[in-house]
There are 2 protein chains.
Amino acid sequence: MNPTVSAARPGTIAQHAVEALRRALTSGELSPGDKVRQEEIAAALGTSLSPVREALAILEQEGQVTYLPRRGYYVTELDMDDLREIYELRALLEERAARRALPLLDEDALERVEIAARDCVEAVDGGDVAAELEANRRFHFGLLESPGQNHTLRVIRLLWDSTETYRAMYYNAPEARHEAIEAHDRIMDAARDHDADRLAAELESHRAEALLRLERVLTEGR
Amino acid sequence: MNPTVSAARPGTIAQHAVEALRRALTSGELSPGDKVRQEEIAAALGTSLSPVREALAILEQEGQVTYLPRRGYYVTELDMDDLREIYELRALLEERAARRALPLLDEDALERVEIAARDCVEAVDGGDVAAELEANRRFHFGLLESPGQNHTLRVIRLLWDSTETYRAMYYNAPEARHEAIEAHDRIMDAARDHDADRLAAELESHRAEALLRLERVLTEGR
DNA sequence: GTCCTTTCGATTTTCGAAAATCTGCGAGGA
DNA sequence: TCCTCGCAGATTTTCGAAAATCGAAAGGAC
């Protein structure tokens with residue numbers, strides 16, 4: 001009935017903690033190698049340790065933090081080899097998923113992707129990295145979602161999750177974000193034309209570009 | 001000093017709970033669709049709820065249990081379409097991983113795989129499904145492990161984890177287990193010869209056989 | 001008879017504190 | 001000087017109980 005009242009009912013505190021930690025990771029509050037102090041997080045969220053711990057257990061499975069028993073959780077550090085491997089896996093799985101999904105994309109689905117693309121533009125203009133990351137995901141997964149690919153998408157999502165921290169790093173460069181927008185246009189075109197080969201090629205070059213930028217960020221950052 | 005006493009010192013209680021839950025899943029104590037009562041598990045392990053919850057959060061990420069906020073955890077149910085999709089993904093990723101690892105396998109690595117194969121035989125003879133599952137994993141991952149494939153293996157492990165419950169189901173049939181042993185011999189031969197094409201083909205037929213048996217178990221079980 | 005509300009026991013979720021373990025530092029000895 | 005040992009504070013891990021929520025049964029109202 002009342003949208004403003006019922007809005008404040010998403011899930012558990014643990015889920016809230018997962019989201020908060022994700023934000024901390026993408027905003028740079030937590031950087032690769034940092035130790036994650038449970039009490040600190042709990043205090044910042046105004047909760048006890050239990051939900052924080054559950055959230056960390058989840059993020060550990062996603063590869064965003066690394067767990068050392070009785071020593072705590074640390075923000076996962078990836079080197080260029082890790083990123084390359086993950087991007088190769090993504091290439092393999094995403095091309096396959098995109099080719100399967102493309103013929104099944106109806107006007108509705110394309111519409112949603114289009115909206116996601118626009119949200120990307122908006123987020124870039126507003127300089128909102130978090131919103132950009134979210135809309136970017138919506139864009140890419142919108143192209144892949146199709147019946148019978150749930151597990152494939154779960155795996156791809158895992159790969160995205162484990163590199164989210166680093167993706168956020170290069171999105172801080174404005175020119176990278178603008179270039180991503182243009183790539184999205186080309187991808188969108190190919191999707192609208194239902195041209196699988198072109199779509200695959202555009203997605204590949206989009207990924208390759210991202211990897212290249214990551215390399216730059218990583219080598220100069222160190 | 002005392003091996004029986006000092007044996008109980010691997011990790012945290014939460015990790016212990018993960019293993020216990022895995023055992024319950026593969027032994028059939030917990031079947032697909034079952035609700036997992038936290039208190040029940042905690043009582044069985046003689047612990048409080050916190051470690052159980054953490055364990056469940058981990059298994060949820062692996063896909064072995066499904067979480068419904070404020071309603072609890074349920075053992076994940078997979079249908080034939082799910083299993084087919086997961087096996088296709090495995091085929092894609094494992095062939096790639098095997099081809100990359102094969103040239104890098106040294107005598108030591110092959111030795112470890114050989115031992116795993118023997119442990120499989122032993123477990124089959126002893127009728128120990130849990131030991132068979134463990135040795136079987138050691139066998140297959142021993143062929144894939146190689147530098148620069150950590151993330152690939154992480155993904156493959158995820159795919160194995162999410163079907164572990166079902167793999168345990170068909171390993172209850174003795175003829176399936178003996179057939180697996182023979183397949184392992186052929187796979188081992190190909191690996192020793194460093195014949196990538198033959199290895200890939202043998203792995204593929206091993207997987208296809210497993211999927212076929214799963215189909216039988218699933219259709220008659222229902 | 002059907003639909004809606006109320007209530008109760010069961011279960012999940014969160015808390016706050018106790019217990020266990022780790023890290024860093026400084027004293028004592030080679 | 002370098003190393004080992006052991007203590008003190010910080011941090012993680014686990015516990016036991018309180019709070020919140022859910023599902024189902026019971027009780028009306030129409």
Side-chain angles (χ1 to χ4, degrees), chain A residues 1-2 5-22 24-25 29-62 64-77, chain B residues 1-2 5-22 24-25 29-62 64-77:
Chain A
M1 288 277 125
N2 192 329
V5 171
S6 63
R9 296 279 71 232
T12 67
I13 296 185
Q15 292 174 318
H16 198 280
V18 171
E19 287 165 38
L21 281 167
R22 274 198 223 287
L25 287 167
E29 276 171 82
L30 288 173
S31 305
D34 282 2
K35 181 175 174 78
V36 183
R37 266 175 253 289
Q38 304 176 8
E39 209 140 12
E40 200 173 296
I41 308 292
L45 294 172
T47 73
S48 71
L49 266 49
S50 325
V52 174
R53 253 169 162 270
E54 251 166 74
L56 285 169
I58 289 169
L59 291 175
E60 203 241 333
Q61 295 303 306
E62 292 178 358
Q64 303 209 249
V65 300
T66 302
Y67 176 56
L68 297 161
R70 302 191 183 283
R71 306 201 165 167
Y73 292 87
Y74 294 80
V75 180
T76 303
E77 287 185 283
Chain B
M1 289 273 125
N2 191 329
V5 171
S6 64
R9 296 279 70 229
T12 67
I13 296 185
Q15 292 173 319
H16 197 283
V18 171
E19 286 164 38
L21 281 167
R22 275 198 224 285
L25 251 11
E29 275 170 81
L30 287 172
S31 305
D34 283 2
K35 180 177 175 82
V36 184
R37 274 187 200 58
Q38 303 175 6
E39 209 141 9
E40 200 173 295
I41 307 293
L45 294 172
T47 72
S48 70
L49 265 49
S50 324
V52 173
R53 268 181 142 260
E54 252 167 72
L56 286 169
I58 289 169
L59 292 175
E60 205 242 331
Q61 295 302 306
E62 291 178 358
Q64 303 208 247
V65 300
T66 303
Y67 176 55
L68 296 159
R70 305 193 180 283
R71 307 204 168 163
Y73 292 87
Y74 294 80
V75 181
T76 304
E77 288 185 281

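Lettering of chains follows the sequences in order, A, B, ..., and the numbering in each one begins at 1.
- As a whole-Å value, the separation of A:Glu39 CD from C:dC15 P is 13 Å.
- Across all strands, A:Glu54 comes closer than 4.0 Å to no nucleic acid atom at all (heavy-atom distances).
- To the nearest angstrom, P of C:dT12 lies 9 Å from CG of B:Leu56.
- The minimum heavy-atom distance between B:Arg22 and B:Leu59, with the atom names listed, is NH1-CD2, 3.7 Å.
- Residue B:Ile13 has its side chain nearest to D:dC15 when only C:dC22, D:dC15, C:dT14 are considered.
- Checked against C:dT21, C:dT11, D:dC15, the side chain of B:Lys35 finds its nearest nucleotide in C:dT11.
- Residue B:Thr12 has its side chain nearest to D:dT13 when only D:dC15, D:dC22, D:dT13 are considered.
- The nearest whole Å value for the distance from the CD atom in A:Glu60 to the P atom in D:dT13 is 11 Å.
- Listed candidates were C:dT13, D:dT12, D:dT14. Nearest to the side chain of B:Ser48 is D:dT14.
- Checked against D:dC22, D:dT12, D:dT14, the side chain of B:Ala14 finds its nearest nucleotide in D:dT14.
- Here the nucleotide nearest the side chain of A:Ser50, chosen from C:dT12, C:dT21, C:dG16, is C:dG16.
- A:Val36 pairs in a side-chain contact (heavy atoms from CB on, under 4.5 Å) with only one of the listed residues (A:Thr66, A:Leu25, A:Val75), which is A:Val75.
- Between the CD atom of B:Gln15 and the P atom of D:dT12 there is a distance of 15 Å, rounded to whole Å.
- Rounded to whole angstrom, the span from the NE2 atom of A:His16 across to the P atom of C:dC15 amounts to 12 Å.
- Between the CG atom of A:Leu49 and the P atom of D:dT13 there is a distance of 10 Å, given to the nearest Å.
- A donor-acceptor distance shorter than 3.5 angstrom exists from the side chain of B:Gln15 to the backbone of B:Thr12, with no hydrogens or angles considered.
- Contact annotation for A:Val36: backbone-only contact, meaning every heavy-atom pair under 4.0 Å involves sugar-phosphate atoms and none involves a base.
- Of the candidates D:dT13, C:dT14, C:dT12, D:dT13 carries the atom nearest the A:Tyr73 side chain, counting heavy atoms from C-beta on.
- Between B:Arg53 atom CZ and C:dT14 atom P the separation is 6 Å, expressed in whole Å.
- The distance between atom CD of A:Gln38 and atom C1' of C:dA17, rounded to the nearest whole Å, is 15 Å.
- In the set D:dT13, D:dC15, C:dT13, D:dC15 carries the atom at the smallest distance from any side-chain atom of B:Thr47.
- The residue B:Arg37 sits close only to the backbone: its heavy atoms come under 4.0 Å of sugar-phosphate atoms, none of a base.
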